[in-house]
Amino acid sequence: MATERYNHRDAEPRWQAAWDDQSIFKTDNADPREKYYVLEMFPYPSGRVHMGHVRNYTMGDVVARYKRARGFNVLHPMGWDAFGMPAENAAMERGVHPATWTYQNIASMKAQLKRMGLSLDWSREFATCDVAYYAQQQALFLDFLDKGLVYRKQSKVNWDPVDNTVLANEQVVDGRGWRSGALVEQRELTQWFFRITDFADDLLSSLDTLDQWPEKVRLMQKNWIGRSEGLSIRWQIVPNARAGDATEVEVYTTRPDTLFGASFLAIAADHPLARALSETNAEIDAFCAETRHAGTSLAAQETAEKKGIDTGLKVRHPLDPSWELPVWIANFVLMDYGTGAIFACPSGDQRDLDFARKYGLPVVPVVMPRDGDAASFTVGDEAYTGDGVMINSRFLDGLSTEDAFLRVAETLEATELDGRPQATRKVNFRLRDWGISRQRYWGCPIPVIHCQACGVVPVPKADLPVKLPEDVTFDRPGNPLDNHPTWRHVACPQCGADARRETDTMDTFVDSSWYFIRFTAPWETQPTERAACDRWMPVDQYIGGIEHAILHLLYSRFFTRAMKETGHAGLSEPFKGLFTQGMVVHETYSRGEGIHREWLTPSSVKIEELDGKRVGSLIETGETIHIGSIEKMSKSKKNVVDPDDIIDSYGADTARFFVLSDSPPDRDVIWSEAGVEGAHRFVQRVWRLISEADWLAQVEGRPAVEGEGLAISQIAHKTLKAIQNDLDNLAFNKAVARLYEFVNALAGPLTQATAGTDESLRAALKDAVSILVRLIAPMTPHLAEECWSVIGGEGLAATAAWPAFDDRLVVENEVTLPVQINGKKRGDLTIARDADQSAVEQAVLAMEVVQAALEGRTPKKIIVVPQRIVNVVV
RNA sequence: GCGGACGUGGCGAAACUGGUAGACGCAAGGGACUUAAAAUCCCUCACCUCAGGGUAUACGGGUUCGACCCCCGUCGUCCGCACCA
């Protein structure tokens with residue numbers, strides 16, 4: 001019987017409507033079944049869905065549909081990370097209001113996502129720019145403020161003097177603003193900060209509990225937090241009029257063991273002592289100013305030469321007051337790490353060594369490798385930074401570096417200077433507090449009011465939300481909230497006097513730091529509904545790009561902890577399982593050379609294979625073009641494929657199936673026309689095989705335990721077991737490969753079978769097909785529905801239970817063991833599964849190949865690995 | 001510079017915990033069907049070799065009955081951090 005080709009244009013919208021009509025993806029918080037929360041990182045509403053989204057959301061959807069079939073109550077929501085600069089840029093460039101632009105983009109992207117057939121609970125959808133969402137974010141902010149998790153401090157920012165705005169580091173290109181091109185200045189502004197460093201230790205140690213996270217991400221976070229253990233040592237300044245009131249310099253070090261190798265102290269240009277000296281010394285002032293102004297451009301940082309200036313001050317060595325060392329200001333010392341001052345041991349630190357060589361300061365080796373010779377060990381142009389044995393270090397000589405560390409720590413902790421210990425043990429972190437102030441319009445307003453009399457006053461919760469004004473203009477530089485004629489004027493909630501609103505808005509990373517919790521009860525008029533949060537959190541499987549490995553995930557981990565402290569959540573770790581998927585990449589095409597090079601879209605070129613070489617030409621003119629490297633899809637290189645076009649011509653199922661195929665999901669996948677066609681062939685093939693076997697609906701499925709059907713049932717149930725395992729491990733590419741194998745194996749018997757075929761064989765085939773349909777359902781859900789209805793499946797494939805495999809069909813009664821001779825495969829031995837070792841040995845020795853290899857000798861050894869392999873050593 | 005990952009046919013990749021290397025897909029070649037094309041179906045497809053077989057998982061060593069997998073070294077690619085004392 002001939003059937004029509006599978007028509008996705010008809011089938012896909014039809015099944016999407018059927019799912020919608022029955023609201024089958026709407027999740028009920030009260031459903032008592034075991035929960036499963038799967039979430040993909042929500043998108044920024046740029047206006048167009050790209051292939052990266054398709055891959056990301058397809059993976060999440062496969063998990064959601066699979067877990068639903070396995071009987072879980074699945075939460076699979078979607079929303080929009082909707083605040084941010086692009087909306088303001090659009091406003092400046094095209095005069096569209098950011099809100100209008102954003103909500104239009106959301107509408108068109110939502111339509112695109114809907115076409116993909118994702119099993120999302122759209123009833124929980126929200127955008128972070130919805131007042132209902134950011135109102136709750138403001139409530140959280142106030143609670144954090146109340147708990148001391150938020151504070152203000154002066155901080156250096158990149159200031160664009162033309163746009164009158166603060167720039168993020170990545171918006172500073174070669175020391176200039178990315179938009180204005182103006183030289184960026186460092187300015188001190190009072191900014192709002194979250195106390196993420198309060199949680200540094202916990203954020204670090206809890207990484208060990210995240211065993212369902214990629215090791216790579218955990219390591220990146222670990223390095224980012226950057227914990228170090230050391231000693232904070234106070235160095236007494238030799239009395240000197242120039243030092244002003246300062247009597248000591250505090251230094252943080254992780255290498256107190258090298259204290260006898262100290263050569264000088266170095267402080268940052270921003271160090272209070274340096275600032276004090278600047279006031280009276282023009283030379284020092286000039287050096288500090290220069291150092292402060294460098295730093296912005298990346299190139300300058302990379303090539304930065306070590307530079308310094310001697311302050312003329314001296315300090316006393318903590319272990320020998322008669323030993324005086326000079327104090328330098330050095331450009332490589334950072335004010336915001338440790339104490340902004342270091343002691344330099346040139347023999348044990350490359351930076352210190354470079355500096356010492358340049359300015360002729362002493363270099364004394366104090367640590368040598370364990371196998372070194374104390375008499376001849378010297379340090380040339382390379383510092384010895386490893387551990388080893390102490391030398392030239394008086395009472396530390398001969399000790400290991402670790403023991404020396406302890407001895408120095410004990411000694412200095414017990415030594416008093418001005419009535420306090422000379423040194424204390426200290427743990428330091430690289431992690432800094434999270435600055436959230438942004439001088440922009442399109443973000444969540446920080447809900448505080450500045451009053452002349454009362455200072456910083458939180459907006460009372462009853463007065464929330466602090467709404468963004470709608471009538472704003474973008475024709476002037478600077479923050480539109482600052483420029484607004486009335487918005488910032490408000491009465492102080494405490495004294496009633498004229499006051500002004502905070503015009504900073506929050507970093508958009510704040511918005512994405514708790515949206516996953518909000519999804520559990522987005523209707524709630526509090527930030528969270530505790531019962532819903534406790535029920536759903538943590539997210540069981542979170543899926544997104546590796547680019548969020550550090551900031552987004554770290555901020556979210558912090559935020560969840562802060563929400564726990566303020567009673568809004570009951571847990572610390574928001575994401576139990578994390579998966580970082582690879583990108584979708586594509587070949588690039590271009591014509592012309594150098595500055596005349598012009599990038600070409602994939603749809604404008606034709607690729608052919610001539611004499612084994614791939615040759616590209618422009619479809620329109622036939623002109624030969626250049627096939628370039630495979631790169632991340634980007635507008636600038638024009639190597640993009642529009643998901644809408646793909647869905648139009650091949651359907652959502654094909655697109656979904658393709659992005660899951662071939663490459664492991666954490667690696668990049670290469671988008672190619674040929675690959676998509678391969679996926680499309682599979683979709684058509686499955687449809688043809690199933691729709692042409694029109695007797696399937698009349699037969700009750702039943703696995704065969706003997707006869708012709710046995711092989712089919714075995715393949716079906718083994719595939720089922722394997723794919724189940726693959727999906728549990730998110731190994732989608734392997735599942736796809738097994739589906740191909742399964743369909744290949746099924747194709748012959750299925751096409752040959754007719755209504756007259758032996759009943760038990762037909763029952764086995766029906767069982768196999770019924771399994772197949774449910775195996776493809778998570779990946780190609782529309783096709784599955786179409787097939788499910790053809791074979792007479794009950795209800796929708798989307799709600800069908802996952803099949804259970806029959807253990808007896810998954811194990812073999814006979815196993816085929818490869819037989820090796822001296823580690824090389826020479827034959828196969830098929831033997832009963834439960835054959836014991838000696839039976840296997842007997843059978844192996846009887847084999848011709850073995851006899852031939854032995855030539856009458858006895859084997860040295862026979863290794864039998866049960867169910868695996870036999871190796872005969874001759 | 002520091003830290004990490006990776007390196008398998010023409011290509012994307014499989015290979016369980018150290019046990020048959022290259023499953024599956026793409027591309028390519030051959031054939032069937034067709035007036036023809038598309039679609040579909042069948043066959044071939046790591047390299048060398050006359051057979052038997054030999055050689056192959058970046059390269060060089062090692063451990064092992066047996067290594068893509070473990071260890072040491074070299075080369076290459078990619079990613080993260082980047083003066084963090």
Side-chain angles (χ1 to χ4, degrees), chain A residues 5 214-217 219-224 226-228 230-231 251-255 258 266 268 295 298 301-302 304-306 330-334 336-345 348-352 354-355 385 428-432 546-547 549-550 607 609 612-614 630 658 661-664 666-670 672-679 681-682 684-685 688 722 725 731 733-744 747-748 751 816-828 852 859-874:
Chain A
R5 275 169 69 79
E215 192 54 49
K216 180 188 169 83
V217 174
L219 187 70
M220 279 162 75
Q221 293 218 351
K222 182 178 174 233
N223 292 338
W224 187 263
R227 183 182 199 274
S228 70
L231 218 54
V251 154
Y252 176 72
T253 180
T254 57
R255 294 296 301 274
T258 65
L298 261 174
Q301 277 178 12
E302 264 164 30
E305 203 189 336
K306 306 270 175 293
N331 65 348
F332 67 91
V333 180
L334 306 172
D336 48 3
Y337 184 79
T339 59
I342 61 156
F343 86 77
C345 171
D349 184 291
Q350 194 60 45
R351 294 157 303 180
D352 298 348
D354 293 345
F355 194 89
T385 56
N428 240 314
F429 295 94
R430 205 193 80 110
L431 181 71
R432 309 285 152 79
I546 185 76
E547 65 273 21
I550 298 175
I607 307 292
E609 189 151 318
K613 274 190 85 175
R614 296 178 70 245
I630 293 168
F658 177 68
S661 308
D662 291 345
S663 290
D666 53 348
R667 244 186 262 179
D668 292 349
V669 66
I670 301 171
S672 74
E673 196 68 11
V676 181
E677 274 163 16
R681 273 201 292 278
F682 176 80
Q684 291 293 350
R685 187 160 186 235
R688 194 164 5 90
N725 183 49
N733 60 322
K734 291 192 218 171
V736 165
R738 287 190 224 282
L739 280 176
Y740 274 112
E741 277 178 300
F742 185 22
V743 171
N744 287 345
T751 24
T816 299
L817 298 177
V819 176
Q820 296 181 326
I821 292 163
N822 290 337
K824 292 261 181 235
K825 193 200 164 188
R826 284 297 124 99
D828 288 303
K860 243 192 219 161
K861 202 171 176 186
I862 301 178
I863 291 142
V864 179
V865 183
Q867 331 272 313
R868 276 277 158 80
I869 202 165
V870 182
N871 192 9
V872 181
V873 186
V874 180

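Quick caveat, the model's predicted, so the values are computed rather than measured. Protein chains get the first letters and strands the later ones, always in sequence-line order, with residue 1 at the start of each.
A/I869 places its CD1 atom 14 Å from the C1' atom of B/C16, with the value rounded to the nearest Å. Here B/A85 presents its C1' atom at 14 Å from CG of A/N331, a figure rounded to the nearest Å. If you measure from atom OH of A/Y252 to atom C1' of B/C83, you get 16 Å, rounded to the nearest angstrom. Here B/C26 presents its P atom at 11 Å from CZ of A/F682, a figure rounded to the nearest Å. With rounding to whole Å, A/M220 atom CE is found 10 Å from B/G4 atom C1'. Distance, A/R667 CZ to B/U77 C1': 13 Å, rounded to whole Å. One atom, CD of A/E677, and another, P of B/A27, lie 8 Å apart when rounded to the nearest Å. Rounded to an integer number of Å, the gap from A/R430 CZ to B/A82 P is 5 Å.
Between B/A5 and B/C70, the two P atoms lie 11 Å apart (nearest whole Å). Annotation: B/A14 and B/G29 have their C1' atoms spaced 24 Å apart (nearest Å). Straight-line distance between the P atoms of B/A13 and B/U20: roughly 22 Å, to the nearest whole Å. Spacing of P atoms, B/A82 relative to B/A27, comes out at 44 Å, to the nearest Å. Rounded to whole Å, the C1' atom of B/G25 lies 32 Å from the corresponding atom of B/G80. Comparing B/A21 with B/U40, their P atoms are spaced 34 Å from each other, to the whole Å. B/A58 and B/C43 have their C1' atoms separated by 34 Å, with the value rounded to a whole Å.
In this model, the phosphate group of B/G4 is not approached by any side-chain N or O of A/K222 to a distance below 4.0 Å at OP1 or OP2. Applying the 4.0 Å criterion to OP1 and OP2 of B/A85, one finds that A/Y337 has a side-chain N or O inside that range. The phosphate of B/A85 (OP1 or OP2) has a side-chain N or O of A/S228 nearer than 4.0 angstrom. Under 4.0 angstrom from either OP1 or OP2 of B/A14 there lies at least one side-chain N or O belonging to A/N733.
The shortest distance between side-chain heavy atoms of A/R430 and A/N223 does not fall below 4.5 Å. In this structure, A/R685 and A/N744 have side chains that are in contact, with non-hydrogen atoms separated by less than 4.5 Å. When side chains are defined from C-beta on, A/Y252 does not count as touching A/L231, because their heavy atoms never get closer than 4.5 Å. Side-chain contact check for A/V217 versus A/I546: some heavy-atom pair is nearer than 4.5 Å. The side-chain heavy atoms of A/I342 and A/F332, taken from C-beta on, include a pair separated by under 4.5 Å.
When distances are taken from the side chain of A/Q820 to each of B/A14, B/G19, B/G25, the shortest belongs to B/G19. In this structure, of B/C65, B/A13, B/A85, it is B/A85 that holds the atom nearest to the side chain of A/I342. You'll find that the side chain of A/L219 is closest to B/G4, out of B/G4, B/G80, B/C65. Out of B/A13, B/C26, B/G19, the shortest distance to the side chain of A/P664 is found at B/A13. The side chain of A/V873 approaches B/C65 more closely than any other nucleotide in the set B/A85, B/C65, B/C26. For A/A737, whose side chain is taken as the heavy atoms from C-beta onward, the closest listed nucleotide among B/G19, B/C83, B/A23 is B/A23. With distances taken from any side-chain atom of A/E741 to the nucleotides B/A23, B/G19, B/G12, the minimum falls on B/A23. Between B/A13, B/C24, B/U20, one nucleotide has an atom nearer to the side chain of A/N744 than all others, and that is B/C24. Taking the side chain of A/F332 as heavy atoms from C-beta on, and the options B/G19, B/U20, B/A85, the nearest nucleotide is B/A85.
For RNA chain B, each stem of at least three Watson-Crick or G-U pairs (distances under 3.5 Å) is given as range with range: B:1-7 with B:75-81, B:10-12 with B:24-26, B:28-32 with B:40-44, B:46-48 with B:53-55, B:58-62 with B:70-74.
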Chi angles and distances behind the side chain to side chain contact (heavy atoms under 4.5 Å, CB included) call for A/D668, A/I670: CA-CA 7 Å; A/D668 292 349; A/I670 301 171; over 6 Å; no
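The structure places CD of A/Q820 at 3.5 Å from CD1 of A/I869, a figure rounded to the nearest 0.5 Å.
With A/Q221 contributing its side chain and A/A549 its backbone, the two residues share a donor-acceptor pair below 3.5 Å. In this structure, A/D662 contributes its side chain and A/N733 its backbone to no donor-acceptor pair below 3.5 Å. In this structure a side-chain-to-backbone donor-acceptor pair under 3.5 Å is present from A/D352 to A/C345.
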Nucleotide-resolved protein contact map, nucleotides 37-45 of chain B, B/S/- at heavy-atom distance under 4.0 Å: ---SS----
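For B/G62, the base adopts the anti conformation, since its glycosidic angle falls more than 90 degrees from zero.
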